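A short write-up of the structure that comes next.
Please read all numbers here as calculations on a predicted model, not as lab measurements. Every number for a ligand or one of its atoms is a count from 1 in the order of the listing.
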Amino acid sequence: MRILLLSDIHANLEALDASLAAAPSFDTIVNLGDIVGYGASPNEVANRSRELGKVFVRGNHDKAATGLMDLDDFNPMAAAAAIWTRDTLTPENLQWLRELPHGPVSLPDFPDIQLVHGSPNDEDEYVVSLGDALAPLITLTMPLTFFGHTHLQGGFFANGSSADGFRPEYRTVGQAESVPLHLKTNARYLINPGSVGQPRDGDWRAAFAVYDSEANVVHFYRTPYNLKAAQDRIFGAKLPPRLATRLAAGR
Ligand code: ZN
């Protein structure tokens, strides 16, 4: 089975479309949350996600945009985007987003896999460093956890008494590329497919991953997308302009 892993689409329709076009064939699709927030196509992305997806985990921006979380922890730019998103979503999409499940979520037919937005212990926690990853890696009984939230493609593993982080290394800054990670059978992994619509690792390309369960390989992908169209929608919606300009830097 090949599982397409999407996370942190953030209402970026152009990045989602490019990712779907660049993805190899897959059997099922998993969405790790933050479907909306920041970008200017929340209904289009929610509709597309609902058509495609079977398994979802909610993200903090999904909660913020649907009133499940107050905006005190959001910076002014993120809060402005959450309020705009709330006002723009259709009642059906608002309801659908509000009912997305809290992680960890299990994947039918895959007892070794769990899905979270932040960390296995706290849906809103950021797993950025190896230090952040150690506690969940030590306590995990599940070999494979897919997470999002940080918008940083890559992850962490623990094998016996050793633990480390990894990032896929790409050769270009503008082309479609893929990097495989062969998983070891005795190790435990926390793996982030990266952010489709709001990358923050200095690479502007849309990020996603495909897990091939037979080969036990995660393929990380980056693909260019129509950046200008995504930016123009943000300017047109009168969202904070930096939400558009920062897409070009992947920050
Ligand atoms: Zn996010």
- Is it possible for you to check whether Arg222 lies under 6.0 Å from the centre of the six-membered ring of Phe208, through NZ or CZ, and within 45° of that ring's axis? no
- Aromatic Tyr170 / basic Arg205 pairing, under 6.0 angstrom, 45° off normal: yes
- The number of protein N, O or S atoms lying under 2.8 Å from the Zn ion (ligand 1) is 4
- Item | Asn43 side-chain N/O to Thr88 backbone N/O, donor-acceptor pair under 3.5 Å | yes
- Message: Can you classify the ring geometry of Tyr189 versus Phe166 as parallel (below 30°), tilted (30 to 60°) or perpendicular (above 60°)?
- Response: perpendicular
- Derivation and outcome, salt bridge (charged side-chain N to carboxylate O under 4.0 Å, His left out), residues Asp124 and Arg58: CA-CA 10 Å; Asp124 294 328; Arg58 70 181 185 183; over 6 Å; no
- Taking only residues two or more places apart in sequence, or in another chain, which ones meet His151 in a ring-ring contact (aromatic ring centres under 6.0 Å, His included)? His10
